[in-house]
Amino acid sequence: MGLLMTLPGGPRLEAAGVVTHRSKNFILHTDDGPDRAKKLLEQLERMLGIVSTYWRGPNRHVIECWWSRTWRTGLGESFLRWR
């Protein structure tokens with residue numbers, strides 16, 4: 001069983017060290033460094049391109065997700081939340 005966590009936005013996220021990064025198809029909230037966030041967004045965009053080609057259709061909505069190097073769940077040190 002995983003952990004579902006929702007954090008309120010705005011100043012509370014900033015106080016927790018969470019920064020939001022964006023790409024064409026993703027909004028990424030993370031407490032990780034900007035270089036790692038950029039690399040993750042590039043990997044996500046590449047994978048989405050592969051999936052879109054397979055399904056023969058583009059992504060129609062922005063995907064919001066969370067990545068953390070400090071939150072712990074039963075699944076390891078990473079936590080992703082997809083909308």
Side-chain angles (χ1 to χ4, degrees):
M1 179 189 298
L3 172 69
L4 177 62
M5 178 183 289
T6 303
L7 292 176
R12 290 184 183 170
L13 285 178
E14 292 171 5
V18 176
V19 179
T20 300
H21 301 272
R22 296 174 183 264
S23 66
K24 179 181 177 186
N25 292 289
F26 292 92
I27 297 173
L28 174 65
H29 306 283
T30 183
D31 64 348
D32 216 341
D35 293 337
R36 292 212 25 170
K38 181 180 176 186
K39 183 176 180 179
L40 179 57
L41 285 172
E42 289 170 355
Q43 292 172 340
L44 290 169
E45 288 288 349
R46 190 174 333 119
M47 182 56 68
L48 184 59
I50 293 167
V51 171
S52 295
T53 299
Y54 177 81
W55 288 107
R56 297 184 184 135
N59 178 43
R60 293 190 177 107
H61 303 284
V62 173
I63 301 168
E64 184 173 11
C65 54
W66 297 79
W67 172 263
S68 177
R69 62 183 167 79
T70 57
W71 295 328
R72 295 207 180 257
T73 70
L75 302 174
E77 292 185 32
S78 63
F79 174 76
L80 288 175
R81 178 176 168 261
W82 299 89
R83 267 192 191 172

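Excluded from the calculations below are hydrogen atoms, water molecules and symmetry mates; all remaining heavy atoms, backbone and side chain alike, are included. Note that the numbering runs from 1 along the sequence shown for the chain.
- Under the 4.5 Å side-chain heavy-atom criterion for ILVMFWY residues, no single connected hydrophobic cluster contains both V51 and I63.
- For the side-chain contact (heavy atoms from CB on, under 4.5 Å) criterion with F26, the lone passing option out of L44, V62, L40 is L44.
- In terms of modelled atom types and a separation under 3.5 Å, the side chain of S68 and the main chain of D31 share no donor-acceptor contact.
- In this structure N25 satisfies the side chain to side chain contact (heavy atoms under 4.5 Å, CB included) test together with E45, L48, N59, sequence neighbours excluded.
- To the nearest 0.5 angstrom, W66 atom CH2 is 11.0 Å from I27 atom CD1.
- With D32 as reference, R69 is the one residue of R69, K38, K39 to meet the salt bridge (charged side-chain N to carboxylate O under 4.0 Å, His left out) rule.
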